[in-house]
Amino acid sequence: MTQTLNLAVIPGDGIGQEVVPEGLKVLSAALAGSEVTVATTSFDLGAARWHRTGETLTDADLESLKTFDAILLGAVGDPSVPSGVLERGLLLRLRFELDQYVNLRPSLLYPGVPTPLAAPGAIDFVVVREGTEGLYAGNGGTVREGTPHEIATEVSVNTAFGVERVVRYAFAKAAARPAHHLTLVHKTNVLVNAGGLWKRTVDRIAQEYPQVRVDYSHVDAATIYMVTDPGRFDVIVTDNLFGDILTDEAGAITGGIGLAASGNINPEGAYPSMFEPVHGSAPDIAGRGLADPTATIASVALMLDHLGYAREARRVQDAISQDMAERAAGDGTDAGTSVLRRSTAAIGDAIAQRLG
Ligand SMILES: NC(=O)c1ccc[n+]([C@@H]2O[C@H](COP(=O)([O-])OP(=O)(O)OC[C@H]3O[C@@H](n4cnc5c(N)ncnc54)[C@H](O)[C@@H]3O)[C@@H](O)[C@H]2O)c1
Ligand SMILES: CC(C)[C@H](C(=O)O)[C@@H](O)C(=O)O
Ligand SMILES: [Mg+2]
């Protein structure tokens, strides 16, 4: 029986416009000849729309997006738009309104891929970043703006409900992986209120998962271990901002940010989940075919897996691995994302071709 995957597509800004077509190219190749057909609907959201209409994400856009099976997003943010307008008004609004409370960010070091680490060892961990609370919640304000007495607050919101649900997801993830290891990353030595809630929640849920080894690292120390001993990590659970920072670092140690994939997941399926590369719109390289689309293609694999197409997800992941092996076997200049010998589209073509 034929199934239709109704996919909303938000290319967004900068290199988002370049990498998303490659993700779609690989998605089509992965599903060719299968029972699944993809129906895509592109949403004009981002800087161009904002300049034209002043809109970031209307209620009508949001209601429409809720009707899809999943969303594929490139990146948002542009130097011509005041900082935060698109990031908060579009991207974070989507994560919040669609209750995508798990921001899943896997990191894998492909064999032969250059890394700044001297002795990287095997790197294969996943960051479960809380996606709807913390310092991102928008709980702040500015008084006496522009005066010497200006006061700006940004208060981190951590609810028992919000922390418990993401911690439960992380424990289930750790229990399903071979290493059975969960690390809470926080800053309990200073952020005693939020940190206390996170620590107590992890300790309590740990009782239900005796097979999972649990440890804790302050976030500052975690940034050290990520470059000195990344093999110590299996599943990391952390809050919204710490997870944002750690996952850019995780991208940098595993071949570059152009390889790092993510899923903004609503595990219950009440709303569509949204898949996007970890990176942003990269205005410094936009429009020149220099962006590595692999992160977007790997995000497509996460999406397929989330939607229950595990076999197709595996095939996309295998095609990426093969492409990475070929890159690593070359002269080395194409193995990470800092220097690409092939264009954005050529990498998409190569990965799609491996899928037949
Ligand atoms: N999810 C998102 O939509 C998202 C994520 C991060 C940043 N942003 C926004 O993007 C804009 C630029 O932010 P930034 O410069 O801090 O971060 P960025 O991730 O866009 O770029 C950081 C560095 O990584 C490089 N890079 C990024 N993606 C790459 C790729 N696929 N291939 C090769 N190199 C790549 C860039 O050239 C740049 O040097 C800002 O407006 C920011 O708010 C959006
Ligand atoms: C653009 C910004 C809102 C976003 C975040 O901080 O979550 C980005 O940095 C990311 O990592 O997806
Ligand atoms: Mg980020």
Side-chain angles (χ1 to χ4, degrees), residues 10-23 43 45-47 50 56-57 71-96 100-105 107 113-114 127 129-138 154 238-252 254-265 274-299 320 327 333-348 351:
I10 306 174
D13 300 316
I15 63 168
Q17 295 280 344
E18 300 169 59
V19 293
V20 161
E22 304 314 314
F43 283 74
L45 295 168
W50 183 82
T56 49
L57 178 74
I71 303 168
L72 180 66
L73 182 139
V76 303
D78 189 86
S80 69
V81 180
S83 195
V85 168
L86 297 169
E87 291 84 350
R88 288 211 72 91
L90 174 46
L91 181 60
L92 294 187
R93 182 154 182 236
L94 283 172
R95 289 181 188 163
F96 294 177
Q100 293 161 345
Y101 65 86
V102 172
N103 193 326
L104 193 65
R105 298 187 157 190
S107 278
V113 167
V127 176
R129 167 190 175 191
E130 203 289 322
T132 57
E133 299 194 339
L135 276 161
Y136 280 62
E154 211 82 60
T238 192
D239 85 353
N240 212 337
L241 183 62
F242 296 150
D244 176 48
I245 296 166
L246 282 177
T247 52
D248 263 26
E249 188 185 18
T254 51
I257 195 72
L259 303 181
S262 84
N264 301 277
I265 314 272
M274 180 166 74
F275 299 82
E276 54 167 330
V278 169
H279 64 72
S281 55
D284 55 340
I285 59 166
R288 293 153 57 197
L290 295 175
D292 193 333
T294 307
T296 304
I297 295 167
S299 301
I320 294 172
R327 288 194 200 193
T333 55
D334 190 31
T337 56
S338 52
V339 187
L340 296 177
R341 277 177 292 143
R342 296 170 296 169
S343 67
T344 306
I347 295 175
I351 296 175

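Counting starts at 1 for both ligands and their atoms, in listed order.
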If you look at every heavy atom in [X] and [Y], which pair is closest and at what distance?
X: Thr296; Y: Leu72; answer: CG2-CD1, 4.4 Å
X: Pro82; Y: Trp50; answer: CD-CH2, 3.6 Å
X: Val19; Y: Asp292; answer: CG1-O, 3.9 Å
X: Ser299; Y: Ala295; answer: OG-O, 2.7 Å

Residue [X] vicinity, atoms of ligand 1 by number, heavy atom under 4.0 Å:
X: Ala75; value: 3 (O)
X: Val278; value: 5 (C)
X: Ala282; value: 20 (O), 27 (C), 36 (C), 37 (O)
X: Pro283; value: 12 (C)
X: Glu87; value: 40 (C), 41 (O), 42 (C), 43 (O)
X: Gly77; value: 41 (O)
X: Gly280; value: 4 (C), 5 (C), 6 (C), 7 (C), 8 (N), 10 (O), 18 (P), 19 (O), 20 (O), 44 (C)
X: Leu91; value: 1 (N), 2 (C), 3 (O)

Under 3.5 Å: donor-acceptor pair, side chain of [X], backbone of [Y]:
X: Glu18; Y: Gly289; answer: yes
X: Thr344; Y: Ala291; answer: yes
X: Glu249; Y: Leu246; answer: no
X: Asp13; Y: Ala47; answer: yes

Under the criterion side chain to side chain contact (heavy atoms under 4.5 Å, CB included), I'd like the reasoning laid out for Leu259 against Thr254: C-alpha separation, chi angles, the key distance, then a yes or no. CA-CA 8 Å; Leu259 303 181; Thr254 51; 5.8 Å; no
At a 4.0 Å cut-off, with the gap strictly under it, does some heavy atom of [X] reach an atom of ligand 1?
X: Val76; value: yes
X: Ala291; value: yes
X: Asp13; value: no

Quick one: which of Asp292, Ile285, Val81, Leu92 has a heavy atom closest to atom 34 (N) of ligand 1?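 Of the listed residues, Ile285 has the closest heavy atom.
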Taking only residues two or more places apart in sequence, or in another chain, which ones meet Glu22 in a salt bridge (charged side-chain N to carboxylate O under 4.0 Å, His left out)?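 Salt bridge (charged side-chain N to carboxylate O under 4.0 Å, His left out) list for Glu22, sorted by chain: Lys25.
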Looking only at N/O atoms, are Arg95 and ligand 1 under 3.5 Å apart anywhere? no
Taking any residue with a non-hydrogen atom under 4.0 angstrom from an atom of ligand 2, which ones do you get? Glu87, Leu91, Leu92, Arg95, Arg105, Arg129, Tyr136, Asp244, Val278
Within less than 2.8 Å of the Mg ion (ligand 3): protein N, O or S atom count: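 Under the 2.8 Å cut-off, the count stands at 1.
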Partners meeting side-chain contact (heavy atoms from CB on, under 4.5 Å) with Asn240 (sequence neighbours left out): Arg129, Glu130, Tyr136
Applying a 4.0 Å heavy-atom criterion (strictly less than), which segment of Ile15 is in contact with ligand 1: side chain, backbone, both, or neither?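 The side chain, only.
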So do the side chains of [X] and [Y] get within less than 4.5 Å of each other, counting heavy atoms only?
X: Thr294; Y: Arg327; result: yes
X: Leu45; Y: Val76; result: no
X: Arg93; Y: Thr56; result: no

Among His279, Met274, Glu276, find the residue that satisfies the side-chain contact (heavy atoms from CB on, under 4.5 Å) test when tested with Ser262.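 Exactly one candidate clears the test, Glu276.
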Could you measure the distance from the CG atom of Leu57 to the CG atom of Leu94? Nearest 0.5 Å is fine.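 Spacing of CG (Leu57) from CG (Leu94) equals 5.0 Å.
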